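Structure first, commentary second.
Computed over heavy atoms, backbone and side chain alike; hydrogens, waters and symmetry mates excluded. Whatever order the structure lists them in is the order used to number ligands and atoms, beginning at 1. Everything numeric in this text was worked out from a predicted model, so none of it was measured.
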Amino acid sequence: MPRGVVEKLITSHLASGAWAPGADIEIRIDQTLTQDATGTMAFLQYEAMGAGSVKTELSVSYVDHNTVQSGFENADDHAYLQSAAARFGVKFSRAGNGICHQVHLERFGKPGRTLLGSDSHTPTGGGIGMLAIGAGGLDVALAMAGQPFALQCPRVCLVRLAGRLPPWVSAKDVILRLLQMLTSKGNVGTALEYGGPGVRTLSVPERATIANMGAELGVTASVFPADNVTRRFLQAQGRLADYTPLKADPGARYDRVIDIDLSQIEPLAAAPHNPDNVKTVRELAGLAVQQVCIGSCTNSSYKDLMVAARMLAGKKIAPGISLVVAPGSRQVLEMIARNGALADLIAAGARIAESACGFCIGNSHAPRSNAVSIRTSNRNFLGRSGTRDAAVYLASVETAAAAAVAGEFTDPRGWGAGRYPFIKQPAHFITDDAMIVEPPLPAARAQVALVRGPNIGALPRNVPPPDTLAGIAQIKVGDKVTTDHIMPAGAFLKLRSNVPKYAEYVFHPVDPGFPARCKAARAQGRVSFIIAGESYGQGSSREHAALCPMFLGVRAVAARSFERIHTANLINCGILPLIFQDPGDYARVEQGDVLELAGLRAGLERGALTLQNITRGIAIPVQCRLNERERAIILAGGRLNLQVGATSGG
Ligand code: MIC
Ligand code: SF4
């Protein structure tokens with residue numbers, strides 16, 4: 001049977017189950033990545049497993065999110081992570097080396113391999129022909145311990161690309177077009193495979209931009225074939241030996257096919273406050289802009305920065321604009337420093353930021369009140385920029401740089417087709433891995449002392465649930481509630497390693513009183529419930545969005561639908577993801593209602609339970625379709641309770 005790229009990647013890594021869309025399967029993981037905001041928890045969990053050196057082909061621990069260091073906390077995390085990497089045989093990418101996804105693509109990504117990362121934008125690796133998947137920290141820790149990763153075998157949608165992008169239109173516009181078509185909900189359980197003649201017109205970093213924002217669609221992974229373009233990229237990175245071709249067999253079948261003619265795409269932007277709220281830049285033209293941010297793991301490659309530099313060379317940014325430029329990696333920064341492009345950006349008025357997540361995660365460069373901010377990043381959720389009333393638009397580097405000069409939204413095509421700065425991939429990138437610390441040889445690892453500053457809190461654990469959960473609906477939220485709403489990042493990021501402290505901010509952007517109510521219920525021996533609409537848990541992979549509610553006594557979330565990574569994180573923490581059998585029942589529970597879920601064990605066997613709304617005297621049927629593995633995790637009170645002792649050292 002002819003097979004597509006996704007099918008080949010999955011079947012060559014199957015550890016259990018068989019290729020059948022929707023089936024429960026497990027796959028072997030070749031590589032992992034962690035970053036500092038999720039990594040501390042992942043390594044604390046890894047430590048608790050007592051697993052010794054990692055069992056993967058390659059694991060890299062990156063420091064890229066919390067590099068502001070406005071106190072000792074972030075630096076404590078970095079020191080812990082560096083010591084844990086040395087102890088467990090993991091490569092350590094130091095602060096300043098760049099954003100995990102960009103660096104991984106440049107230095108480690110290999111076609112044909114699987115990559116699991118504790119960051120939702122891990123699928124960026126799909127740009128180089130990897131099956132790259134985002135997951136919670138605990139799942140990545142388990143993969144480092146050599147355990148396969150459990151997932152639902154995806155349905156595969158082929159995105160068939162034809163034609164070539166016109167000048168001033170770029171990869172970002174392609175993924176924004178897909179977000180416009182597919183939206184950010186309803187895509188759980190799907191993988192996107194890119195194919196068709198248009199693929200070869202896109203460079204690896206452009207493919208990576210498209211794969212990166214598959215996270216915003218909510219798909220499991222986005223994968224490009226590995227072809228001559230991939231080969232030339234790896235060669236320029238001095239890694240030709242890492243190349244293996246990977247393409248779909250002629251006649252491969254897909255669950256769905258979407259055709260996109262690249263030549264028909266125009267500059268687009270995602271308007272506030274969701275990446276799928278896509279408009280044409282034409283429609284937005286004339287809207288005054290106060291801030292432009294170029295960077296993030298979506299658009300910070302050499303090509304992106306060169307386009308910005310060429311557009312800004314010899315010009316000055318508009319007086320009302322603050323332009324922030326964050327190159328994605330030290331490689332990119334060094335390349336543009338040596339070829340003079342950095343000087344062009346500085347001369348134009350750009351504020352050069354560190355090669356890190358920075359503005360994208362809202363820990364720096366918050367826009368002013370009521371500002372319009374154009375960013376080349378991937379998420380514009382309410383408040384994520386650090387300024388609640390800012391209007392953040394997501395757009396291409398071309399659109400962003402044009403706005404920086406004009407001071408307002410302007411269609412970059414107005415600059416004239418003949419003036420488009422086509423950037424050729426360099427024959428050789430500067431490849432200096434001095435900022436990547438290699439672990440010591442295995443025999444020396446046991447002697448490495450783990451460095452635990454005061455910010456490294458204890459790992460919270462749940463306990464097995466009683467058969468009847470009696471509690472209170474502590475909050476009722478609407479559709480598309482993201483993990484940024486549940487556990488805000490930005491200024492709170494430095495609490496990531498300290499769950500009791502971070503838990504004080506659960507739902508802070510929505511309802512700051514939530515933690516106190518949960519604690520009061522817990523003092524009376526009651527559990528807490530969360531009531532939600534569609535696509536609950538969209539966005540970041542941060543398992544804190546489950547860990548911190550768990551710490552406060554949340555035992556179940558009843559929603560109309562859930563996103564993939566968050567569902568897995570809830571289960572790993574022993575929290576029940578309940579789905580209203582009749583979506584209309586969402587209207588029959590209000591904040592403060594007393595609820596009861598009885599007969600848990602028997603109900604989980606059936607996949608169906610009844611949520612009694614005691615306050616209103618109504619019975620609400622809910623579904624909880626868990627497989628045997630997931631049921632065991634819930635009944636143990638979380639994955640870690642099952643895991644400890646099950647993983648051998650070595
Ligand atoms: C994000 O873009 O939201 C983050 C910050 O990279 C997160 C990870 C985190 O919350 O630490 C993600 O995408 O998973
Ligand atoms: Fe970092 Fe932003 Fe990418 Fe998340 S989306 S990894 S915060 S650059």
*What is the closest protein heavy atom to atom 1 (Fe) of ligand 2, and at what distance does it sit?*
Cys357 SG, 2.3 Å
*Run the numbers for me: atoms of ligand 2, each under 4.0 Å from some heavy atom of Asn378, listed by number.*
5 (S)
*Backbone or side chain, does any N or O of Ser120 fall under 3.5 Å from an N or O of ligand 1?*
yes
*Intermediate values then yes/no, side chain to side chain contact (heavy atoms under 4.5 Å, CB included), Ser561 and Ser535*: CA-CA 5 Å; Ser561 66; Ser535 288; 4.3 Å; yes
*Evaluate side chain to side chain contact (heavy atoms under 4.5 Å, CB included) for Lys110 paired with Ile128, printing each intermediate quantity in order.*
CA-CA 7 Å; Lys110 281 190 192 179; Ile128 203 162; over 6 Å; no
*Check the pair Thr38, Arg496 against side chain to side chain contact (heavy atoms under 4.5 Å, CB included), reporting the backbone distance first and the verdict last.*
CA-CA 7 Å; Thr38 55; Arg496 281 293 178 89; 4.2 Å; yes
*Find all atoms of ligand 1 within a distance of less than 4.0 Å from any non-hydrogen atom belonging to His65, and give their numbers and elements.*
4 (C), 5 (C), 6 (O)
*Looking at His101, which atoms of ligand 2 are within less than 4.0 Å of one of its heavy atoms?*
6 (S)
*Donor-acceptor under 3.5 Å (Asp173 side chain, Ser170 main chain)*: yes
*Is the side chain of Gln538 donor-acceptor paired with the backbone N or O of Ser184 at a distance under 3.5 Å, no angle test?*
no
_Which of the numbered atoms in ligand 1 are under 4.0 angstrom from any heavy atom belonging to Asp119?_
4 (C), 6 (O), 7 (C), 8 (C), 12 (C), 13 (O), 14 (O)
_Would you say that Ser329 contacts Val332 through its side chain, given a criterion of any heavy-atom pair below 4.5 Å between the two side chains?_
yes
_Pairwise side-chain contact, Val506 with Val554, heavy-atom cut-off 4.5 Å (strictly under)_ = no
*Against heavy atoms of Arg496, which atoms of ligand 1 measure under 4.0 Å?*
9 (C), 10 (O), 11 (O)
_Using only atom types and a distance under 3.5 Å, with no angle test, would you say the side chain of Thr482 pairs donor to acceptor with the backbone of His485?_
yes
*asked:* Checking the N or O distance criterion of under 3.5 Å, is ligand 1 in contact with Asn378?
replied: no
_Where ligand 2 meets Ile361 - atom numbers and elements under 4.0 angstrom, heavy-atom basis_ = 7 (S)
*asked:* Among all the protein's non-hydrogen atoms, which is closest to atom 8 (C) of ligand 1, and how far away is it?
replied: Gln35 NE2, 3.2 Å
*asked:* I'd like to check which ligand 2 atoms, numbered from 1 as shown, lie under 4.0 Å from a non-hydrogen atom of His121.
replied: 5 (S)
*Has Cys360 got an N/O/S atom less than 2.8 Å from atom 1 (Fe) of ligand 2?*
no
*Is there a side-chain contact between Arg379 and His121 (heavy atoms, below 4.5 Å)?*
yes
*Identity and separation of the nearest protein heavy atom to atom 2 (O) of ligand 1*: Arg384 NH2, 2.9 Å
*Main-chain N/O of Thr298 paired to Asn378 side chain as donor or acceptor, under 3.5 Å*: no
*Ala37 heavy atoms, cut-off 4.0 Å: which ligand 1 atoms fall inside?*
11 (O)
*ligand 2 versus His65, non-hydrogen atoms closer than 4.0 Å: side chain, backbone, both, neither?*
side chain
*Any idea which part of Asp119 is under 4.0 Å from ligand 2, heavy-atom wise: side chain, backbone, both or neither?*
side chain
*asked:* What protein heavy atom lies closest to atom 7 (C) of ligand 1? Include the residue and the distance to one decimal.
replied: Ser540 OG, 3.1 Å
*ligand 1 and Arg379, any nitrogen or oxygen pair closer than 3.5 angstrom?*
yes
_Determine whether Glu106 and Phe429 satisfy the following criterion, side chain to side chain contact (heavy atoms under 4.5 Å, CB included), listing intermediate values before the conclusion._
CA-CA 9 Å; Glu106 292 167 356; Phe429 289 99; over 6 Å; no
*Side chains of Met306 and Met335: closer than 4.5 Å at any heavy-atom pair?*
no
*Could you find the nearest protein heavy atom to atom 8 (S) of ligand 2 and give me its residue, atom name and distance?*
Cys297 N, 3.3 Å
_If I apply the N/O under 3.5 Å rule, does Thr38 come out as touching ligand 1?_
no
